[in-house]
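Note sheet for the following structure.
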Amino acid sequence: MNDTVLVLNGPNLNLLGQRQPEVYGSATLADVEALCRSTAAEFGLQAECRQSNAEHVLIDAIHEFRIGTAGIVINAGAYTHTSVAILDALNACEVPVIECHISNVHRREAFRHHSYVSKAATAVLAGFGIHGYALAIRHLAQLRRAGG
Ligand code: DQA
């Protein structure tokens, strides 16, 4: 197992900080990625941060990191609620998958209450703001320690 964590952000998360700041806060995607890199480094891990608005690019990234890594942190954005293809890719993962949402999706519209990603996730975080990404990486580090 290598020491890399994939942090994968889906559609519209490139607009963090500009998009609905009342829901998602003022931090930018660059802030999220810096937080992930520094948190990973604290635990001797490396965060590989990717973002795409395209479903197939997200799937290709999952394929790339699905075996032999320290795990995947995924915020699939709206694809969380719609994408069987992303679920299928995550089901092919041999590493732990942590689902992360900045907002508390359960407090929002009914269509955000169902997650395909959750069906393949080891754990789910929602409503912690961008701190959720750091918690997810911390948990992956703990799983890694426990596993070997
Ligand atoms: C989100 C919640 C989703 O419902 C939404 O489509 C997003 C962001 C979150 O981080 O809270 O794009 O995943």
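Just so you know, ligand 1 is whichever comes first in the structure, and atom 1 is the first atom listed for that ligand.
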Query - For His81, atoms of ligand 1 separated by under 4.0 Å from a heavy atom - result: 3 (C), 4 (O)

Query raised in the report: Are Tyr116 and Asp88 close enough that a side-chain donor and a side-chain acceptor fall under 3.5 Å?
Result: no

Query raised in the report: In terms of atom number and element, which parts of ligand 1 are under 4.0 angstrom from non-hydrogen atoms of Ile102?
Result: 9 (C), 10 (O), 11 (O)

Report summary line: Closest heavy-atom approach to atom 8 (C) of ligand 1 among Tyr24, Tyr79, Phe128 is made by Tyr24

Query raised in the report: Which ligand 1 atoms, with their elements, are less than 4.0 angstrom from a heavy-atom of Asn75?
Result: 1 (C), 9 (C), 10 (O), 13 (O)

Query raised in the report: Do Leu45 and Thr4 come within less than 4.5 Å of each other through their side chains, counting heavy atoms only?
Result: no

Query raised in the report: Hey, does Val32 have a side-chain heavy atom less than 4.5 Å from the side chain of Leu35?
Result: no

Report summary line: For Val105, the ligand 1 atoms with a heavy-atom partner under 4.0 Å come out as 2 (C), 4 (O)

Query raised in the report: Side chain or backbone of Arg112 under 4.0 Å from ligand 1, or both, or neither, by non-hydrogen atoms?
Result: side chain

Query - Which segment of Asn12 sits under 4.0 Å of ligand 1 when only heavy atoms are counted - result: neither

Query - Thr69 vs Val5, side-chain contact (heavy atoms from CB on, under 4.5 Å): CA-CA, chis, key distance, verdict - result: CA-CA 6 Å; Thr69 64; Val5 172; over 6 Å; no

Query raised in the report: Parallel, tilted or perpendicular: which fits the ring planes of His106 and His113, with parallel below 30° and perpendicular above 60°?
Result: tilted

Query - Where ligand 1 meets Arg19 - atom numbers and elements under 4.0 angstrom, heavy-atom basis - result: 7 (C), 12 (O)

Requested in this report: Please say which of Ile102, Ile98, Asn104, Val73 ends up in a side-chain contact (heavy atoms from CB on, under 4.5 Å) with Leu125.
Outcome: Ile98

